Number of protein chains: 2
Amino acid sequence: MQHKPIHIIIVDDHPMVIEGLKTLLSDDKRVLIKNQFMNGTDTLTYLEHNSADIVLLDVNLPDINGVEMVPKILNIRANIGVIGLSTYSEPSIINQMIKKGVKGYLLKNVTGEELVNAITQVHQGDFYFGSEVQKILADSVTQESNDQPKLTRREKHILTLIAEGKTTNNIAEELFISPLTVETHRRNLMQKLEVPNAASLIKVAVEKHLI
Amino acid sequence: MQHKPIHIIIVDDHPMVIEGLKTLLSDDKRVLIKNQFMNGTDTLTYLEHNSADIVLLDVNLPDINGVEMVPKILNIRANIGVIGLSTYSEPSIINQMIKKGVKGYLLKNVTGEELVNAITQVHQGDFYFGSEVQKILADSVTQESNDQPKLTRREKHILTLIAEGKTTNNIAEELFISPLTVETHRRNLMQKLEVPNAASLIKVAVEKHLI
DNA sequence: TTTTCCCTACTGGTTTTCCTGTATATTGAT
DNA sequence: ATCAATATACAGGAAAACCAGTAGGGAAAA
């Protein structure tokens, strides 16, 4: 019994990755690459008028952030299975993507076999996460909550100023507020990020992409 | 007049990138992919016994750092043209690679055309840097010296401990040395990285990939 | 062998950060 | 209109960081 092939859209701004994906999938007759795009907007306009089963979505697109792309895609066609793709394994991003509704996530060191597994499983309505991704998620659950704490606008601003090496007084002058206020913000920042001082504040801020 | 094809070695730990490169190069008869490897050590042992014209070298290998790979390759066969490949455009790394002797550098968003250009040019003994890479290099020259300052082993170690939020006393205890010594190291670090305090120290350390 | 670099350590002082707790005006959302 | 979140501000004190300069011993390089 022949199934009709699973229709795939590839979204990645690297020609060589697109070619690689095509090659890895070309042997398998269960899948059919229907189209490919190198940015987010083209993908979305295409999907307005055409359907697909699976979107293989690179996280680092030139125009639209991968995390933002997911809901946009699902908004247009809720029955599409989105599989995230990225080179590096950053727990916070993976977590965000899952929250936004991806059904699968793969690192770019996948083999063709894994890729096909992911696609077929997601097409059947299941989730699929590569073994490495699973390990990362497991670590991130046990070790610490990798959610981005919500920082206010002001806090983010002050955070960047701290990172620039400015002292409380410098910052206060720059923002025309009391040094005491700046101190309060700094304290709140350290509390939110659960660190004991400014140095590690900057470190986790960078890790969590807040800077 | 037919030239004999340029012999290429691909080194990248992502199967899909390898496949992509192969596809992008498969049309062109001037080049011939001789072999491919997914890590540094295999590449080096292969080159001990076999030659090649060009090595396409990914910067992020699982075992050996790309920057360290270049001299190792050139040490085995000085006449090989090494072309660096990476996803992201980090001036300091590109600079380091050039110092180590790469003849070309490309971002992974290259087109097949550019790729072939790079290979043929490098094979003729010229340099080739993608347009984006050139822009990055130009910026890095004008804006600031993106060289990594030379930190000693001890300094690097202490730097990471500072980033973890440890105080001078904590670090001193951990390393069984005087807090005063740790302070000295910290001061030297700040001086070398030209920053006024620990917070910005961590920031530039992250930027310069020292952490 | 001399020189240079690295790690170590100190004095003595100033500035900044960090802690704990409190409090009010403003803004935004329900 | 009211409640929650945000930005603002303060006090008082302990801890840590930062500044400037100096210096010895050991290892490695010239």
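Order of the sequence lines sets the chain letters (A, B, ...), proteins ahead of strands, with each chain counted from 1. Note that the structure is predicted; figures quoted are calculated from it, not measured. Computed over heavy atoms, backbone and side chain alike; hydrogens, waters and symmetry mates excluded.
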Pair [X]-[Y], side-chain donor/acceptor within less than 3.5 Å:
{"X": "B:Asn109", "Y": "B:Glu132", "answer": "yes"}
{"X": "B:Thr120", "Y": "B:Tyr128", "answer": "no"}
{"X": "A:Asn169", "Y": "A:Thr167", "answer": "no"}

Provide, to the nearest angstrom, the distance between the [atom1] atom belonging to [X] and the [atom2] atom belonging to [N].
{"X": "B:Asn169", "N": "D:dC18", "atom1": "CG", "atom2": "P", "result": "14 Å"}
{"X": "A:Glu155", "N": "D:dT8", "atom1": "CD", "atom2": "P", "result": "10 Å"}
{"X": "A:Asn188", "N": "D:dT8", "atom1": "CG", "atom2": "P", "result": "12 Å"}
{"X": "A:Ile202", "N": "C:dC18", "atom1": "CD1", "atom2": "P", "result": "10 Å"}
{"X": "A:Glu183", "N": "D:dA7", "atom1": "CD", "atom2": "C1'", "result": "16 Å"}
{"X": "B:Leu159", "N": "C:dC7", "atom1": "CG", "atom2": "C1'", "result": "17 Å"}
{"X": "A:Arg153", "N": "D:dT6", "atom1": "CZ", "atom2": "P", "result": "10 Å"}
{"X": "A:Met190", "N": "D:dA15", "atom1": "CE", "atom2": "C1'", "result": "12 Å"}

With heavy atoms under 4.0 Å as the rule, sort B:Ser178 into base, sugar-phosphate or nothing. sugar-phosphate
What does B:Thr167 touch in the nucleic acid at a heavy-atom separation under 4.0 angstrom: a base, only the sugar-phosphate, or nothing? sugar-phosphate
Between B:Asp58 and B:Lys108, is the closest basic N to carboxylate O distance under 4.0 Å? yes
Return whichever of B:Asn197 or B:Ile177 has its heavy-atom-nearest nucleotide of DNA chain C closer to the 5' end. B:Ile177
Comparing B:Ile158 with A:Thr168, nearest DNA chain C nucleotide closer to 5' gives the residue B:Ile158
Find which nucleotide of DNA chain D each of A:Lys192 and A:Phe176 is nearest to by heavy atoms, and output the residue with the more 5' nucleotide. A:Lys192
Could you tell me whether the phosphate oxygens of D:dT8, OP1 or OP2, come under 4.0 Å of any side-chain nitrogen or oxygen in A:Thr181? no
When you measure from the side-chain N and O atoms of B:Thr152 to the phosphate of C:dC5, is any distance below 4.0 Å, counting only OP1 and OP2? no
Between [options], which nucleotide has the shortest distance from any of its atoms to the side chain of [X]?
{"X": "A:Arg154", "options": "D:dT8, D:dA16, C:dT17", "answer": "D:dT8"}
{"X": "B:Leu180", "options": "D:dC10, C:dC18, C:dT11", "answer": "C:dT11"}
{"X": "B:His185", "options": "C:dT8, D:dA16, C:dC18", "answer": "C:dT8"}

Is the base of C:dT20 touched by the side chain of A:Arg187 through a donor-acceptor pair closer than 3.5 angstrom?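 Counting by modelled atom types and ignoring angles, a donor-acceptor contact under 3.5 Å is found here.
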Which residues pass the ring pair (Phe, Tyr, Trp, His ring centres under 6.0 Å) test with B:Tyr46, sequence neighbours left out? B:Phe37
